[in-house]
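Scroll down for the structure; my scribbles are underneath it.
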2 protein chains.
Amino acid sequence: MKCRSCRGPAVIELRRHNAGFCGECFLRHCREQVRKAIEEFAMIAEGERVLVAVSGGKDSLALWDLLLDLGYEVDGLYLGLGIGDYSDESHRYARAFAEQRGVRLVEIDLPADVGFDIPTGSARARRVPCSACGLSKRHLFNTAAVDGGYDVVATGHNLDDEAAVLFGNVLRWSTDYLGRQLPVLPATNGFVRKVKPLVRLGERETAAWCVLRGIDYIVEECPMAAGNKHLGYKEALNAIEEQSPGSKHAFYFGFLTRASHLFRPQAHAEQEGLHPCVSCGAPTTGDRCAFCKLVARATAP
Amino acid sequence: MKCRSCRGPAVIELRRHNAGFCGECFLRHCREQVRKAIEEFAMIAEGERVLVAVSGGKDSLALWDLLLDLGYEVDGLYLGLGIGDYSDESHRYARAFAEQRGVRLVEIDLPADVGFDIPTGSARARRVPCSACGLSKRHLFNTAAVDGGYDVVATGHNLDDEAAVLFGNVLRWSTDYLGRQLPVLPATNGFVRKVKPLVRLGERETAAWCVLRGIDYIVEECPMAAGNKHLGYKEALNAIEEQSPGSKHAFYFGFLTRASHLFRPQAHAEQEGLHPCVSCGAPTTGDRCAFCKLVARATAP
């Protein structure tokens, strides 16, 4: 197979695009997809300061690299979750990238700075680990961005992630989540803008980006996520994609183009009732925000 | 495992209901689900004449049996598609049921009465066989019902079918199909009402109904359908259901309750422009209806 762009020998085939690419043209393709996503959804304006949430995995490191490559001013944020060896190792990869590139990595440690780790804290709070983890990340990423004066938080969610989340939301017809599942969540009172610049790249592509760019990343999936529903949704969609390449892209972007707006009113209604958490000041619909409730339970004696 | 109703030994387990049933209680459960669907969606009123589309498979024969059992006045309609042995065998099963019960089977033969069979007609018309077949069925079922003075056409689509169709419509965000995917399509100018009374039963349940009631049915899938996308959607949803029993029910009924109405306006807009086909008089949006166009191409010399 030949490279679609330069007709040299291809090193990667993207069935969704019905094309092969050589290394150089593949990297250009990835840059182009990210540039296109940022432009199409007005993710980042010139001169804005970006904080990228870095887990040490392929997606977040590829995102950081891509944003630097495209000329943005980007610092990284690493959140230590206290998940044993997995956290230690992911931390090493995040720091190694920052050191090699001479860029800044903001570091927060959930056990040391907040007082609990995900495995024991989620058990104490009687929450599914992935749910406690997601809640903690959303809260702490936003707080760190507000405190550090960043305009935007960027996360490494790729097309496979977003399609799987969309599938889960559709399977349950969670109309409130469907109304908010966008590649950009605009800044609102107390929240910085959140963007997902990798929505046009699949996970094979972010992995190949890292390999071609010589970026070492943690290959293991988080041990707490094994067997969760999200992975089941990914597998089901992979089977569909195998049968009809391009299905995931059509599913996710078709949603954004033709259906997402139908679910927006309900999500807006929820946003209306936001006010500061009595404990931490973060925006919430109740008195105390969900993260402060989690902390109270997870750190109870 | 014990029967949920009578505590006798269970012969079938329904994980979705987290329950087992003995034979008698299972049959009562099926009747109850069909009665509930008919009532909930106002499918059939008292004294109405029903025409059930019978393929000779488990779903349509179970439906005919269930509707007779519930006291409705139901004739069967068999459409011969000219798909070799598969059609011959399915025809035998449909006739055997009608003879055993002493009920009326209306018969139409696509090759003899219209002039083409699905394998050669679809190829000539350059349509996917399943698409040409579905179009022919919709048209001829409706015509037969109008001609025979029936109030309602009932089809054997079960929960697995409807969930798979919904999944396909959602994967492509076919908003027009989503607006029309309902268990009841009301009668409109030129169309009789169409109902799907089995939407609360899965295909394992309709198969078990036939076995327990001693109904012989054609077990083979249609050979033209092998490898089609619909079967891929079913497999993907089966994997999800295996992981979380009840997912299909939640997906389909959650759609009806919380999302279907969002897509309705678009479907209504399409219905507005209907007028009689210049060739056959059936309602259509163009000059000539899609079925008449198919016939013209499929029978062209």
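In what follows, chains carry the letters A, B, and so on, assigned in the order in which the sequence lines appear, proteins first and then strands, with residues in each chain numbered from 1.
No side-chain heavy atom of Phe255(B) sits under 4.5 Å from any side-chain heavy atom of Leu171(A). Looking at Phe251(B) and Val170(A), their side chains come closer than 4.5 Å, going by heavy atoms from C-beta outward.
Residue Glu40(A) places its CD atom among more than 12 non-hydrogen atoms of other residues, nucleotides or ligands, all under 6.0 Å distant. Other residues, nucleotides and ligands contribute only 12 or fewer heavy atoms inside 6.0 Å of the CZ atom of Arg297(B). Within a 6.0 Å radius of CZ in Arg16(A), other residues, nucleotides and ligands contribute more than 12 heavy atoms. Heavy-atom neighbours of Glu32(A) CD from other residues, nucleotides or ligands within 6.0 Å: above the threshold of 12. The environment of Phe41(A) atom CZ is dense: over 12 non-hydrogen atoms of other residues, nucleotides or ligands sit within 6.0 angstrom. Counting non-hydrogen atoms of other residues, nucleotides and ligands closer than 6.0 Å to OH of Tyr177(A) gives a total of 12 or fewer.
For Ala259(A) against Trp173(B), the heavy-atom pair with the smallest separation is CB-CE3, 3.3 Å. The two residues Lys229(A) and Gln243(B) have their closest heavy-atom pair at CA-NE2, 3.5 Å.
When the candidates Ala239(A), Ser244(A), Ser247(A) are compared by the number of heavy-atom contacts under 4.5 Å with chain B, Ser244(A) comes out ahead.
Remark: Phe263(B) CZ to Arg258(A) CZ distance equals 10.0 Å, nearest 0.5 Å.
Only the backbone of Arg172(A) comes within contact range of chain B, with heavy atoms under 4.5 Å apart. Interface remark: Lys248(A) contributes no atoms to any contact with chain B (heavy atom separation under 4.5 Å). Residue contact with chain B, scored on non-hydrogen atoms closer than 4.5 Å, involves the side chain of Leu166(A) exclusively. If you measure heavy-atom distances from Ile240(A) to chain B, the contacts under 4.5 Å come from the side chain alone.
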So Phe167(A) and Phe167(B), side-chain contact (heavy atoms from CB on, under 4.5 Å) or not? Walk me through it. CA-CA 9 Å; Phe167(A) 187 26; Phe167(B) 186 26; 3.4 Å; yes
